[in-house]
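Structure first, then comments.
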Protein chains: 2
Amino acid sequence: MSRLPLFALALVMTATALDAQAPDARTVRERVRAYRQAHDHEIVRELAGLLAIPNLASDSALIRRNADHLRAMLERRGFATRLLETPGSPAAVYGELATPGARRTIVFYAHYDGQPVDSSQWVSPPWTPTLVSGARDEGGREVPMPTRAGETRGEWRLYARSASDDKSPIVALLAGLDALRAARIPLSVNVKVFLEGEEEAGSSHLREMLERHASLLTADLWIFGDGPVHQSRRQQIVYGVRGVMGLELTAYGPARALHSGHYGNWAPNPIARLAELLASMRDGEGRITIDGFSDDVVPPSEAERQAIDSVPPVDSALRADLLLAHTEANDAPLLERIMLPALNVRGMQGGAVGAKAANAVPTMARASIDFRLVPKQTPARVRELVERHVRARGWHIVHDEPSEAERAANARVLWMSWGEGYPATRTPLDLPAARALTRVVEEASTEPVVRVPTLGGSLPIYHFEEVLHTPVIVLPIVNHDNNQHAGNENVRLQNVWDGMEIYAAVLARLGAVWR
Amino acid sequence: MSRLPLFALALVMTATALDAQAPDARTVRERVRAYRQAHDHEIVRELAGLLAIPNLASDSALIRRNADHLRAMLERRGFATRLLETPGSPAAVYGELATPGARRTIVFYAHYDGQPVDSSQWVSPPWTPTLVSGARDEGGREVPMPTRAGETRGEWRLYARSASDDKSPIVALLAGLDALRAARIPLSVNVKVFLEGEEEAGSSHLREMLERHASLLTADLWIFGDGPVHQSRRQQIVYGVRGVMGLELTAYGPARALHSGHYGNWAPNPIARLAELLASMRDGEGRITIDGFSDDVVPPSEAERQAIDSVPPVDSALRADLLLAHTEANDAPLLERIMLPALNVRGMQGGAVGAKAANAVPTMARASIDFRLVPKQTPARVRELVERHVRARGWHIVHDEPSEAERAANARVLWMSWGEGYPATRTPLDLPAARALTRVVEEASTEPVVRVPTLGGSLPIYHFEEVLHTPVIVLPIVNHDNNQHAGNENVRLQNVWDGMEIYAAVLARLGAVWR
């Protein structure tokens with residue numbers, strides 16, 4: 001022992017001291033809750049202040065006001081901050097809080113820009129944060145902003161654009177940090193935050209931003225605050241997302257609409273042909289019938305299977321609510337279905353229906369598809385397989401609007417216009433980072449945690465994995481019934497309170513648990 | 001012979017005398033042509049006068065002015081006339097011209113009402129008949145109305161609503177009659193005319209009209225003046241029409257649109273399911289794959305087959321014009337294809353495509369179909385077969401908008417809304433009436449006549465067969481490129497001139513030829 005150099009000994013001691021300091025989950029929860037009960041009015045007001053700043057990604061002046069406001073919020077908590085910029089993009093707000101002796105670094109991701117609004121869909125204006133005694137569509141009534149501690153109720157909701165998507169998670173993280181400090185509970189990890197300003201506008205500069213600032217953004221784990229908790233209102237951890245890829249199809253009939261009596265069953269009908277093509281790609285039970293499409297699909301791991309099985313069943317209630325007697329693949333569970341790729345026909349249009357229907361063979365038919373991809377599938381490979389399938393059925397594929405000559409020379413002309421798309425990501429549940437985070441969250445929660453191997457939806461998380469080689473796990477806190485992207489977006493206060501406890505537990509315990 | 005009563009002898013003699021009087025086809029043609037050359041300006045002016053009266057079936061005062069005008073035109077030619085009425089319907093103009101000694105009676109059918117107009121689509125106003133030196137879209141220029149004989153040219157066109165559909169055939173018939181009289185050529189048949197006033201509005205009172213006036217309308221043959229000649233500009237005789245039947249389909253997805261990532265390939269996609277159903281009814285080559293659908297289809301008779309084979313080939317030119325590399329069923333001839341039933345998808349709609357496409361599972365999808373029927377198929381039987389096909393594929397059929405309970409209780413709910421529809425008719429080519437008319441028309445024409453066993457399109461001719469038990473043959477005269485139903489409807493004068501000769505030949509020779 002005496003051989004050990006002094007500085008090494010010091011390091012070991014610091015780490016050990018740190019671990020020893022880590023309070024148990026219950027202590028963290030109780031301290032954070034007590035802090036929140038004494039400061040709920042201040043937390044709601046801080047959130048409302050942030051929500052009052054309009055945040056369309058396209059409005060650069062206001063977006064900058066949001067960024068400056070967030071930077072000030074971080075600096076008040078001792079973060080070293082920077083605005084990360086790249087030409088033509090809104091700034092990302094970066095903040096860094098070093099924890100002496102911490103061996104692990106996390107980056108907390110959220111975005112501060114919001115979806116466009118249609119004011120006619122809002123009861124109260126989108127950037128006038130309004131407190132309501134419950135969900136508006138369940139009879140909630142507007143209540144005044146609290147002026148004293150203890151006035152709020154967990155079922156109250158705060159209505160505003162980005163209340164859930166994504167400003168509340170930022171406030172919950174910082175309020176959780178405040179609570180730890182008030183309780184003198186030290187952090188267990190180095191904390192970085194990366195707050196994006198153009199997520200709702202498509203994150204088109206995100207990759208460049210990550211590449212440019214890669215050295216600043218090194219970490220052991222990215223934790224995403226985006227998205228909602230489970231429909232059962234239980235805390236949820238999401239380890240992956242599906243990839244996505246859009247495809248627009250246009251099939252052609254005669255150059256002008258023809259009388260369906262005089263020319264019907266002579267002139268090719270583009271709707272019938274496109275319907276036939278779609279039916280060849282996917283059966284009525286959602287099974288994709290494109291050759292080779294499922295070759296790259298990896299079956300769920302044992303850990304993923306166990307996670308799925310432990311999720312509270314919501315399928316029957318969802319079906320009843322949606323007037324669906326059955327769902328695809330013989331009522332297979334939703335979480336099982338989203339482990340697979342999907343082919344969704346998001347639209348089809350040709351000729352006219354109902355009162356406007358004319359007895360004509362239409363000139364063209366269009367369909368719009370979104371594919372959802374799972375790990376190992378790449379957009380390039382999907383495109384290759386789909387086009388091979390289409391060609392094998394006698395279609396001549398073009399990638400731009402076909403010329404008259406092309407139409408006249410080829411029997412079945414299909415204009416295929418692909419969106420860029422991106423692949424899926426899925427962090428293995430047994431990765432040390434995943435195991436540590438899962439443990440912290442499970443210990444911090446009073447109810448069983450829902451572990452979701454993958455979201456059905458898509459987020460461009462692959463950028464983080466590809467550029468930074470860092471795993472990403474989504475740890476959302478907001479209510480699922482938040483009207484995200486629509487009118488009357490809101491956050492339920494209890495979700496903010498629970499979120500504070502979860503994020504505080506991560507800050508206080510992750511470094512100790514993660515071996 | 002002496003035993004024969006005197007009156008019988010007189011009848012025989014009259015008939016024989018009448019037959020003996022019948023001039024040959026060439027004589028009729030030459031006399032009619034000479035008359036027309038001397039009176040072309042008057043004929044154009046009489047037609048223009050008729051076309052100047054607006055004729056929307058919904059405008060009862062103007063429709064009545066048309067009827068009165070037509071009645072006066074008939075009375076000037078010695079017809080005994082009546083307006084045939086039935087409650088709520090525009091009057092049909094009826095006229096009767098007895099031919100002493102004639103053994104056969106024909107009824108000439110045309111309609112005098114016109115399709116609605118969209119004035120923005122017309123170069124000259126629809127009820128301001130305008131003479132143009134050729135087709136407007138081929139550089140025709142407006143020319144003044146003729147004031148003297150011999151000023152007109154056959155390629156000139158008269159532009160006005162109903163110029164082709166259907167007022168010109170009426171004027172051609174009456175001008176042909178004038179020409180026969182000027183040449184002192186007697187008629188060979190009793191002539192009745194029946195001019196309908198609501199054909200473009202759906203003929204909803206036609207059947208009642210025929211039933212109410214059945215005794216007045218007895219005849220050996222109805223000759224329809226509606227429709228165009230062949231695309232080769234040759235005279236055409238049409239012996240039948242396809243029946244028609246409309247069907248609107250609505251398939252249902254979730255009660256509200258769902259995020260296609262979170263719920264895609266769990267929530268049933270109504271577009272994909274409807275596409276699959278359509279694809280099961282009809283393949284990409286137009287072959288109807290509904291069980292039993294073709295059982296009632298009678299193959300063409302030898303006479304029909306010969307008629308089809310003798311029609312000038314237009315398919316290749318049509319394909320090139322329409323930018324179609326191929327047509328259905330391996331480029332099978334159009335006239336062969338329309339001898340078969342058709343399933344045309346006239347429209348399909350669900351979700352959204354292109355820039356409006358949202359990543360959602362849509363709530364419903366709609367499709368609109370028109371079936372074309374051939375003889376022996378009835379609308380009732382078609383409906384039965386289609387619904388059996390749909391049920392066999394697991395669909396629950398409703399005939400009204402489904403309730404929430406129906407949607408929640410049945411996996412695949414399809415709202416099927418059937419139009420009334422009507423069956424096909426086809427006069428056998430070897431029926432004596434058909435043989436006689438064909439012979440007269442062939443002898444009157446300088447070019448081979450196009451004999452079409454059936455139109456691809458539909459006309460409610462079955463009413464005449466069902467109510468009056470009288471065969472119907474369509475003997476159209478107007479040009480095919482007449483913009484019927486659209487803006488800039490027109491008639492080519494040469495078609496009116498040729499029509500005069502054809503109709504005059506029928507009047508002068510049909511009774512003699514028809515044994």
Side-chain angles (χ1 to χ4, degrees), chain A residues 242 244 248 254-255 259-269 271-273 275-276 278-279 282-284 286 320 322-328 334 337 340 342 344-354 357-361 365-368 370 372 404 407-411 456-458, chain B residues 242 244 248 254-255 259-269 271-273 275-276 278-279 282-284 286 320 322-328 334 337 340 342 344-354 357-361 365-368 370 372 404 407-411 456-458:
Chain A
R242 290 201 283 191
V244 68
E248 296 289 321
H259 190 290
S260 62
H262 298 323
Y263 298 97
N265 64 329
W266 175 80
N269 183 300
I271 302 175
R273 288 196 164 169
E276 191 190 21
L278 291 177
R282 176 198 200 279
D283 68 18
L322 295 168
L323 304 180
L324 295 171
H326 291 292
T327 42
E328 290 183 342
L334 175 57
R337 296 293 291 159
L340 298 170
N344 179 59
V345 185
R346 52 189 175 182
M348 185 155 176
Q349 207 162 341
V353 301
N359 283 337
V361 181
R366 298 177 65 185
S368 183
D370 62 294
R372 299 289 166 166
E404 294 201 348
R407 287 174 61 177
N410 296 284
S458 305
Chain B
R242 289 201 282 192
V244 68
E248 294 289 321
H259 191 291
S260 63
H262 298 323
Y263 299 98
N265 66 329
W266 175 82
N269 183 301
I271 303 175
R273 287 197 163 169
E276 190 190 23
L278 292 177
R282 175 197 200 280
D283 68 20
L322 295 167
L323 305 180
L324 295 171
H326 291 292
T327 43
E328 291 183 341
L334 174 57
R337 296 293 293 160
L340 298 170
N344 179 59
V345 185
R346 53 189 174 181
M348 185 153 178
Q349 207 162 340
V353 300
N359 282 338
V361 180
R366 298 177 64 186
S368 182
D370 62 296
R372 299 289 166 165
E404 293 201 348
R407 287 174 62 177
N410 296 283
S458 305

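Labels below follow one simple rule: chain letters A, B, ... track the order of the sequence lines, proteins then strands, and each chain is numbered from 1. These numbers were taken from a predicted model, which means no experiment stands behind them.
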Problem set entry | Rounded distance (nearest 0.5 Å) linking atom OH of Tyr263(B) with atom CG of Leu324(A) | 11.0 Å

Seminar exercise, completed: Highest number of heavy-atom pairs under 4.5 Å with chain A among Val361(B), Leu334(B), Asp283(B) belongs to Leu334(B)

Problem set entry | When Glu248(A), His259(A), His326(A) are compared by non-hydrogen pairs under 4.5 Å with chain B, the top option | Glu248(A)

Exercise. Based on non-hydrogen pairs under 4.5 Å, which of Ala367(A), Ser458(A), Gly351(A), Pro254(A) is most in contact with chain B?
Worked result: Pro254(A)

Exercise. Do you know which of Ala411(A), Ala320(A), Ala352(A) has the most heavy-atom pairs under 4.5 Å to chain B?
Worked result: Ala352(A)

For this session: Mark yes or no for whether Asn269(A), through its side chain, and Val345(B), through its backbone, hold a donor-acceptor pair below 3.5 Å.
Result: yes

Exercise. When heavy-atom pairs shorter than 4.5 Å are enumerated against chain A, which of Met348(B), Glu276(B), Gln349(B), Glu404(B) gives the highest number?
Worked result: Met348(B)

Problem set entry | Selection from Gly264(A), Gly347(A), Ala279(A) maximising heavy-atom pairs under 4.5 Å formed with chain B | Gly347(A)

For this session: Let me know if Ala365(A) has heavy atoms under 4.5 Å from chain B in its side chain, its backbone, both or neither.
Result: neither

Exercise. So, Arg346(B) side chain and Asn359(A) main chain: donor-acceptor pair closer than 3.5 Å or not?
Worked result: no

Exercise. How close do Ser368(A) and Ala357(B) get, heavy atom to heavy atom, and via which atoms?
Worked result: OG-CB, 3.4 Å

Exercise. If you look at every heavy atom in Ser260(B) and Arg372(A), which pair is closest and at what distance?
Worked result: OG-NH2, 3.0 Å

Problem set entry | Proximal component of Arg366(B), with respect to chain A [non-hydrogen, under 4.5 Å] | both

Exercise. Out of curiosity, Glu328(B) CD to Asn265(A) CG, how far, rounded to the nearest 0.5 Å?
Worked result: 6.5 Å

Problem set entry | Under 4.5 Å from any heavy atom of chain A - which part of Arg407(B) | both

Problem set entry | Donor-acceptor pair, side chain of Asn344(A) and main chain of Ala360(B), under 3.5 angstrom | yes

Exercise. What part of Arg282(A) lies closer than 4.5 angstrom to a heavy atom of chain B: side chain, backbone, both or neither?
Worked result: side chain

Exercise. Out of Ile271(B), Asn410(B), Leu340(B), which one racks up the most heavy-atom pairs below 4.5 Å with chain A?
Worked result: Ile271(B)

